[in-house]
Amino acid sequence: MDKPYQAMQDVTVLSAHFPVPAAGLLPVNAFIIKAKEPVLVDTGMGIDSEAFIKTLKSVIDPGDLKWVWLTHDDADHTGNLKQVLAQAPNARLVGCSLAILRMSTVWPIPLDRVYWLNPGESISAGDRKLTAVRPPLFDNPTTIGLYDDKSEAFFSADCFGAIIPSPAQSTDDISEADLAQGMSGWASLDNPWVHMVKSSEFSLTLDRIRQIGPKRIFSAHLPPAEGKTEEFLKLLATIPPSTPSIAPNQKALEQILAQMSDED
Ligand SMILES: [Fe+2]
Ligand SMILES: [Fe+2]
């Protein structure tokens, strides 16, 4: 885990950078929204375990959390969920019903602590409305991003992610070329279905985000971005007809392993 940092007054990032061999680093962010009813968005990677809880506690007393918002049930978002719920007895778990039920095949999630939400539905966090918004790209059918009308931020789950060359706390610290390349590659690799979608239809989902007009994008897999929404939407518009990214195969793995043994 990295040191937590503020993305804006009400939002703190609990950040990690997961090394992707021969490619770079994938940011893995959870967020704390210091709303009147405080919210934790996602719960990090299981590999971080105690470090995640320690980092969380350095920002907020988990007993003060009122909501844990799960963007989807992929392992890099649910890694510390069980521990978080144990430490945060006053928090309700917000998520898509399908995510909660799928996770209930692994461990018994108390359904009376759960709040099922579909895209378009909202909860109140006391001083702001939090609305579930399906991001244009998603790698999991349970995905609900979160639009916070007070911070005017869109917590976009995996959408707008990028593998980046070095750790960063703002997209302003990443070169334009690295950002464009990282975001395009991730968009294609993480969402192979997008290449089956007509550009004209995909652009309708981009327009939905345009209409909301978030000032800030807080992706789980990108450093915080301010004032870049239109730039990012334009970049995503280029993905459907682009050449699909291909995941590394065994030959690539052997090269990676050989390189690692050379470095030892
Ligand atoms: Fe995911
Ligand atoms: Fe993810």
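The structure displayed is predicted, hence computed values, not measured ones. Read the numbers this way: they start at 1 and go in the same order the structure lists the ligands and their atoms.
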**Item:** N, O or S atom within Asp74 nearest to the Fe ion (ligand 1), by name
**Value:** OD2
**Message:** Looking at Asp148 and Arg128, is there a salt bridge between them, counting it only when a charged N and a carboxylate O are closer than 4.0 Å?
**Reply:** yes
**Asked** Is Arg210 salt-bridged to Glu230, going by a charged N under 4.0 Å from an acidic O?
**Response** yes
**Request:** Restricting to N/O/S, name the atom of Asp158 that gets closest to the Fe ion (ligand 2).
**Result:** OD1
**Request:** Using 2.8 Å as a strict upper limit, say whether an N, O or S atom of His72 approaches the Fe ion (ligand 1) that closely.
**Result:** yes
**Item:** Steps toward side chain to side chain contact (heavy atoms under 4.5 Å, CB included) verdict (Trp116, Leu101)
**Value:** CA-CA 10 Å; Trp116 284 354; Leu101 293 173; 4.2 Å; yes
**Asked** With Glu152, which of Lys129, Lys215, Arg216 fulfils salt bridge (charged side-chain N to carboxylate O under 4.0 Å, His left out)?
**Response** Lys215
**Fill in**
Among the N/O/S atoms of Asp76, the Fe ion (ligand 2) lies closest to OD2
